[in-house]
Amino acid sequence: MNIDKFTITSYDQITGFDRTNGNLDLVLDELSDFTLSHEEEKVDITGKAGRIISSLKKNKKVTGKGTNGMLSGGALAAMLGADMESGEYLIRYTDSIFVSSNKGLTKETAIGAVGNEIGTIYVRDTDNAYISGGKKLIQADNAPLQTGQFSYDPETKTVTFFEGDIPDGTEVIAFYDAAVTGKKISNNADKYSKTLSLFIDVTCQDGCDNLFHGQFIINRADFTGTFDIQGGTDTATQGFEFTSLPNLCTGKTDLWDFIIFD
């Protein structure tokens, strides 16, 4: 390899590790762009007639900024100062229920106080509106039901409507709490972005078209907690930014090491 003449052809991936226990915290391997920026402050020292006779250099700074083509749970946790948890959680589920013979089925099991698991079911009006129009049906555990009421059996997930209230084939809407198994990241107002050990893998090419590898090693990468989660017509991407800090606990002041290898 000839490192007198070489270029970085791609940033391949960024991995981040917990500085205390060494656990893997994030992987960014769909990098659409990345820049490792370097700054240095220079203050001129002037002499007679204001001429510059020397300069004082200080406040060296390295920052990294980029975009990953897909969201990364580990990166989100790093920028929020959060941990990723696994377990069972409650979500607010939106359910379209089709009525047949005064009954319908929820897709999930509604969870709540007995007799009030769902609370309200919304029926669209002729303009297909259920907030600005339509009507509301109220859950009741009394028998027999009255018009405008429905009952719910969580064991069978069956909704029963007052006879004749809802025509067959009508779609009604329910919003209720349901238990799901998944992963959770919490944005705690009292926790802030993390500082990780970061490894940036790159592919290099020299002037003779030989390919080789490189890795930037940043012992203390302080992530910023300012970012956007975007979506809509464009797919959601993961923007991120960090500042390299000296590794004071070891007495080293290196902001990064760059290792080039075959």
Side-chain angles (χ1 to χ4, degrees), residues 1-22 24-68 72 74-81 191-228 237-262:
M1 70 183 76
N2 179 1
I3 63 170
D4 291 330
K5 295 180 179 180
F6 80 99
T7 183
I8 294 176
T9 60
S10 68
Y11 284 96
D12 301 323
Q13 73 171 13
I14 298 176
T15 52
F17 297 83
D18 186 285
R19 284 176 40 77
T20 301
N21 55 36
L24 176 66
D25 268 21
L26 67 86
V27 177
L28 299 170
D29 56 3
E30 294 291 344
L31 295 166
S32 56
D33 64 80
F34 178 73
T35 303
L36 196 61
S37 301
H38 302 76
E39 301 176 32
E40 180 181 81
E41 185 178 341
K42 187 177 77 168
V43 179
D44 291 332
I45 300 174
T46 58
K48 184 168 59 177
R51 64 187 179 191
I52 299 173
I53 57 175
S54 186
S55 63
L56 174 65
K57 298 178 182 180
K58 59 181 181 178
N59 296 337
K60 201 170 188 179
K61 182 179 180 181
V62 171
T63 57
K65 184 176 183 179
T67 305
N68 199 56
S72 161
L76 283 174
M79 291 187 288
L80 295 172
K191 292 186 178 180
Y192 300 92
S193 52
K194 299 178 181 179
T195 300
L196 303 177
S197 294
L198 219 59
F199 299 84
I200 305 169
D201 291 300
V202 301
T203 297
C204 304
Q205 181 175 314
D206 67 17
C208 298
D209 300 322
N210 298 307
L211 294 177
F212 48 96
H213 299 287
Q215 185 176 83
F216 290 94
I217 301 174
I218 300 175
N219 286 308
R220 294 181 67 204
D222 183 11
F223 277 82
T224 179
T226 302
F227 63 97
D228 298 317
T237 58
Q238 179 76 69
F240 61 93
E241 186 173 355
F242 61 83
T243 300
S244 177
L245 304 175
N247 193 4
L248 298 180
C249 62
T250 63
K252 296 182 65 177
T253 58
D254 299 336
L255 295 177
W256 54 252
D257 293 323
F258 184 42
I259 299 175
I260 302 171
F261 56 98
D262 289 321

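Reckoned from all heavy atoms, side chains included, excluding hydrogens, waters and symmetry mates.
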Quick one: CD on Gln238 to CD on Glu30, what's the gap to the nearest 0.5 Å?
13.0 Å
Which atom names give the shortest non-hydrogen contact between Phe227 and Gly239, and what distance separates them?
CB-O, 4.1 Å
What distance separates Asn219 CG from Thr250 OG1, expressed to the nearest 0.5 Å?
6.5 Å
As an exercise, state the distance from CD1 of Ile8 to OG1 of Thr203, rounded to the nearest 0.5 Å.
9.5 Å
May I ask you to decide if Pro246's main-chain N or O and Arg220's side chain share a donor-acceptor pair within less than 3.5 Å?
yes
Inspect the surroundings of CG in Asp228 and state if more than 12 heavy atoms from other residues, nucleotides or ligands are less than 6.0 Å away.
no
Nearest heavy-atom approach of Ser197 to Arg19 is OG-CG, 3.3 Å
Validation row: Ile53, Thr46 side chains within 4.5 angstrom (heavy atoms):
no
Taking ring-ring contact (aromatic ring centres under 6.0 Å, His included) as the test, write out the residues that go with Phe199, two or more places apart.
Phe17
Test log, rule side chain to side chain contact (heavy atoms under 4.5 Å, CB included), inputs Asp222 and Phe242
CA-CA 5 Å; Asp222 183 11; Phe242 61 83; 5.8 Å; no
To the nearest 0.5 Å, tell me how far Asp33 CG sits from Thr237 OG1.
8.5 Å
Quick one: does any side-chain atom of Ser32 pair with a main-chain N or O of Thr67 as donor and acceptor, under 3.5 Å?
yes
With Thr7, which residues qualify under side-chain contact (heavy atoms from CB on, under 4.5 Å), at least two apart?
Thr9, Gln205
If you round to the nearest 0.5 Å, how far is OG of Ser244 from CD1 of Ile217?
12.0 Å
Report the C-alpha distance between Asp25 and Lys194 in whole Å, list the side-chain angles of each, state the deciding distance to 0.1 Å, and finish with yes or no for side chain to side chain contact (heavy atoms under 4.5 Å, CB included).
CA-CA 10 Å; Asp25 268 21; Lys194 299 178 181 179; 3.5 Å; yes
side-chain hydrogen bond (donor to acceptor under 3.5 Å, both in side chains) involving Ser10 - partner list, sequence neighbours excluded:
Asp12
Where Ser37 and Thr35 come nearest, the two heavy atoms and their spacing
OG-CG2, 3.6 Å
Minimal heavy-atom distance between Gly225 and Ser193, with the atoms involved, is N-OG, 3.7 Å
State, to 0.1 Å, how close Leu36 and Gly64 come at their nearest heavy-atom pair, and which atoms those are.
CD1-CA, 4.1 Å
Return all side-chain donor-acceptor pairs below 3.5 angstrom for residues 254-262, not counting sequence neighbours, or 'none' if the list is empty.
from   : atom 1 : to    : atom 2 : distance (Å)
Trp256 : NE1    : His38 : NE2    : 2.8

Close side-chain approach of Asp206 and Cys204, heavy atoms under 4.5 Å:
no
Pair listing, side-chain hydrogen bond (donor to acceptor under 3.5 Å, both in side chains) test, anchored in residues 53-63, at least two apart
Glu41-Asn59
Which of Thr195, Thr243, Leu26 passes side chain to side chain contact (heavy atoms under 4.5 Å, CB included) with Phe223? Answer is Leu26
Quick one, Ile200 and Phe34 - any side-chain contact, counting heavy atoms below 4.5 Å?
yes
At their closest point, which heavy atom of Phe240 faces which heavy atom of Asn68, and how far apart are they?
CE2-N, 4.1 Å
Just jot down the side-chain hydrogen bond (donor to acceptor under 3.5 Å, both in side chains) partners of Gln215, sequence neighbours excluded, or say none.
Asp201
